Asker: 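This is the structure I want to talk about, given as structure tokens.
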Amino acid sequence: MWRSLLFCRGSCDSVFGVGFLACFLVMAEDVQKVSLPQLFGIDRTIFLQDVYPLRKPVVLKGICLGTCTTKWTVDYISNAGGSREVKIHVSTSPQMDFLHKNFIYRTLPFDVFVRRASEQVHQEYFISQDEKYYLRSLGEDPRKDVADIRKQFPSLADDIKIPEFFNADQFFSSVFRISSPGLQLWTHYDVMDNLLIQVTGRKRVVLYSPRDAPYLYLSGDKSEVLNVDDPDLVKFPLFSKARRYECYLESGDVLFIPAMWFHNTIAEEFGVGVNVFWKHLPSDYYDKTDTYGNKDPAAASRAMQILDRALKTLDELPEEYRDFYARRMVLRIKSKAYSTDYE
């Protein structure tokens, strides 16, 4: 396994952090864990030419994000966001599990929610004094509208400058997120590229390559392995084969997460962030009903449906024949669909 670190020193005189003086690449072997590379002060051109084509996650530092990193205190965002009601996740467990729904949905005025989310112990609560809170902003009609900080939180949107690393017509959504300290979110993938902008607080992110999907025990777009730090290897023995990538995001850091890379986050402190998703494929590839950016592309969904029908058909055969023809199907998929040069 490899670890790389790319340093680019320069000034931050625009949204892109234009200018750098020197770059060098350091690579090292690591058996169990890979620390993500960190790039300093890159601009749009460097990102699109040298980073984006690699299709691997990377931490971007020194990007000019506007005044949000200094202004977005608990008091400021509480006042700026006002008392509009927001729908939030509430859980007594620090590890939120979307598959088994170990949380409840509740509604609070935004300013009340922010103050509660920033607390370790609550005077007012729904379930327990140490419950955890999580906000993932939604569109006005979540079934039809995507999240867009400019529409849902216009009083905060002017404070943040989104790095223009994609064309305006590729924009899909900008998701405003707030997490209680200690909150960990389930491992999942998205079908669109995105930038995770850590505005305030410290966050750890664990990622897994799309190639390690066979080891992650998937249910839809989510992994059944909730505890990635101490997994139950009796229940999930293949998980030990998955290569773990990891980084820590500080205030002002931006993490590029390519589509289909699995990620799991833990807020080591009260944290505020913004995810920006964009369509890197032609629009007709995507499910038109997708407002979250996590529905499989239309062609992929059709292929999975065909596979399900094929497997059901194989069930008509005796076990010996079913095993033989299933193996032949796997070989055909490998020869026709597997990439030989994708890592």
Side-chain angles (χ1 to χ4, degrees), residues 4-20 23 35-72 136-137 147-150 153 156-168 170-179 185 189-190 192-207 245-259 261-269 271-280 293:
S4 62
L5 184 62
L6 177 63
F7 294 95
C8 298
R9 297 179 179 177
S11 61
C12 184
D13 52 11
S14 77
V15 172
F16 315 124
V18 174
F20 64 94
C23 298
S35 295
L36 290 187
Q38 299 181 355
L39 283 74
F40 291 78
I42 70 166
D43 61 12
R44 176 189 175 97
T45 300
I46 295 296
F47 180 80
L48 293 178
Q49 290 183 354
D50 299 333
V51 180
Y52 196 58
L54 298 178
R55 308 300 299 157
K56 292 183 177 180
V58 62
V59 178
L60 309 176
K61 289 181 170 287
I63 304 294
C64 291
L65 300 173
T67 59
C68 58
T69 55
T70 55
K71 289 177 69 174
W72 284 10
R136 189 252 191 232
S137 64
D148 188 339
I149 191 173
R150 296 168 298 184
F153 297 93
L156 293 169
D158 287 343
D159 297 336
I160 184 168
K161 292 182 179 180
I162 305 298
E164 296 183 6
F165 291 163
F166 54 92
N167 295 330
Q170 294 178 289
F171 172 83
F172 176 72
S173 66
S174 52
V175 182
F176 186 57
R177 301 183 190 271
I178 297 180
S179 301
L185 297 181
Y189 69 88
D190 301 295
M192 298 182 190
D193 291 344
N194 83 88
L195 296 176
L196 170 54
I197 302 171
Q198 188 68 19
V199 179
T200 67
R202 191 171 194 257
K203 177 173 289 183
R204 188 198 71 182
V205 186
V206 173
L207 306 98
Y245 295 77
E246 185 174 293
C247 70
Y248 287 86
L249 301 179
E250 309 290 347
S251 175
D253 288 349
V254 179
L255 173 61
F256 168 52
I257 307 177
W261 272 79
F262 298 88
H263 44 286
N264 174 294
T265 66
I266 182 168
E268 298 206 332
E269 302 169 342
V272 182
V274 177
N275 270 108
V276 183
F277 294 86
W278 69 92
K279 297 180 179 180
H280 65 291

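What you are looking at is a predicted structure, and each value in this text was computed from that prediction instead of being measured.
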Asker: Kindly indicate, with the supporting measurements, whether the criterion ring pair (Phe, Tyr, Trp, His ring centres under 6.0 Å) is fulfilled by Phe256 and Phe47.
Answerer: CA-CA 10 Å; Phe256 168 52; Phe47 180 80; 5.3 Å; yes

Asker: Is Leu255 close to Leu36 at the side-chain level, that is, under 4.5 Å between some pair of heavy atoms?
Answerer: yes

Asker: Quick one: pull up CD1 in Ile46 and CG in Leu60 and give me the separation to the nearest 0.5 Å.
Answerer: 12.0 Å

Asker: Minimum heavy-atom separation for Phe172 to Gly293, with atom names?
Answerer: CE2-N, 3.6 Å

Asker: Can you run down the side chain to side chain donor-acceptor pair (under 3.5 Å) pairs that involve residues 45-54, sequence neighbours left out, and say none if there aren't any?
Answerer: Tyr52-Asp193, Tyr52-Trp278

Asker: Could you give me the CA-CA distance, side-chain angles and deciding distance for Ile160 and Ile197, then say whether side chain to side chain contact (heavy atoms under 4.5 Å, CB included) is met?
Answerer: CA-CA 10 Å; Ile160 184 168; Ile197 302 171; 4.2 Å; yes

Asker: Atom OG1 of Thr265 and atom NZ of Lys203: how far apart are they, to the nearest 0.5 Å?
Answerer: 4.5 Å

Asker: Does the pair Trp72 and Phe176 meet the rule for a ring pair (Phe, Tyr, Trp, His ring centres under 6.0 Å), with working shown?
Answerer: CA-CA 12 Å; Trp72 284 10; Phe176 186 57; 5.7 Å; yes

Asker: Please set out all donor-acceptor pairs under 3.5 angstrom arising from side-chain atoms of residues 64-71, sequence neighbours excluded.
Answerer:
from  : atom 1 : to     : atom 2 : distance (Å)
Thr70 : OG1    : Thr67  : O      : 3.1
Lys71 : NZ     : Tyr76  : OH     : 3.3
Lys71 : NZ     : Asp159 : OD1    : 3.1

Asker: Between Ala259 and His280, what is the shortest heavy-atom contact and its length?
Answerer: CB-CE1, 3.6 Å

Asker: I'd like to check the side chain to side chain donor-acceptor pair (under 3.5 Å) partners of Ser179; sequence neighbours left out, ordered by chain and number.
Answerer: none

Asker: Show your reasoning for whether side chain to side chain contact (heavy atoms under 4.5 Å, CB included) applies to Asn194 and Val276.
Answerer: CA-CA 5 Å; Asn194 83 88; Val276 183; 6.0 Å; no

Asker: Return the set of residues passing side chain to side chain donor-acceptor pair (under 3.5 Å) with Arg177 (not counting sequence neighbours), or none when no residue passes.
Answerer: Tyr134, Asn275

Asker: Could you tell me whether the side chain of Glu164 reaches within less than 4.5 Å of the side chain of Ile162, counting heavy atoms only?
Answerer: no

Asker: Taking side chain to side chain donor-acceptor pair (under 3.5 Å) as the definition, give me every residue that meets it alongside Asp253, ordered by chain and number, with sequence neighbours left out.
Answerer: Lys61

Asker: Any side-chain heavy atom of Val59 within less than 4.5 Å of one from Leu39?
Answerer: no

Asker: Just so I know, are the side chains of Ser35 and Cys247 near enough to count as touching, which here means a heavy-atom distance under 4.5 Å?
Answerer: no

Asker: Which atom pair, heavy atoms only, marks the closest approach of Phe166 to Arg44?
Answerer: O-NH1, 3.6 Å

Asker: Check the pair Leu207, Asn264 against side chain to side chain contact (heavy atoms under 4.5 Å, CB included), reporting the backbone distance first and the verdict last.
Answerer: CA-CA 6 Å; Leu207 306 98; Asn264 174 294; over 6 Å; no

Asker: Can you tell me how far the OG atom of Ser173 sits from the CG atom of Asp148, to the nearest 0.5 Å?
Answerer: 8.0 Å

Asker: Start with the C-alpha gap between Phe277 and Phe171, add the side-chain angles, then the distance that decides, and say whether side chain to side chain contact (heavy atoms under 4.5 Å, CB included) holds.
Answerer: CA-CA 6 Å; Phe277 294 86; Phe171 172 83; over 6 Å; no

Asker: If you compare all heavy atoms of Gln198 against all heavy atoms of Gly271, which two are closest, and at what distance to 0.1 Å?
Answerer: NE2-CA, 4.3 Å

Asker: Would you say the side chain of Tyr248 lies within less than 4.5 Å of the side chain of Glu268, judging by non-hydrogen atoms?
Answerer: yes

Asker: Quick one: pull up CZ in Phe40 and CD1 in Ile63 and give me the separation to the nearest 0.5 Å.
Answerer: 11.0 Å

Asker: Looking at Ser174 and Ser137, what are the two nearest heavy atoms and their distance?
Answerer: O-OG, 4.3 Å

Asker: Apply side chain to side chain donor-acceptor pair (under 3.5 Å) to Glu250 and list each qualifying residue two or more places apart in sequence or on a separate chain.
Answerer: Arg202

Asker: How far apart are the closest heavy atoms of Arg136 and Ala147, and which atoms are they?
Answerer: NH1-CB, 3.9 Å

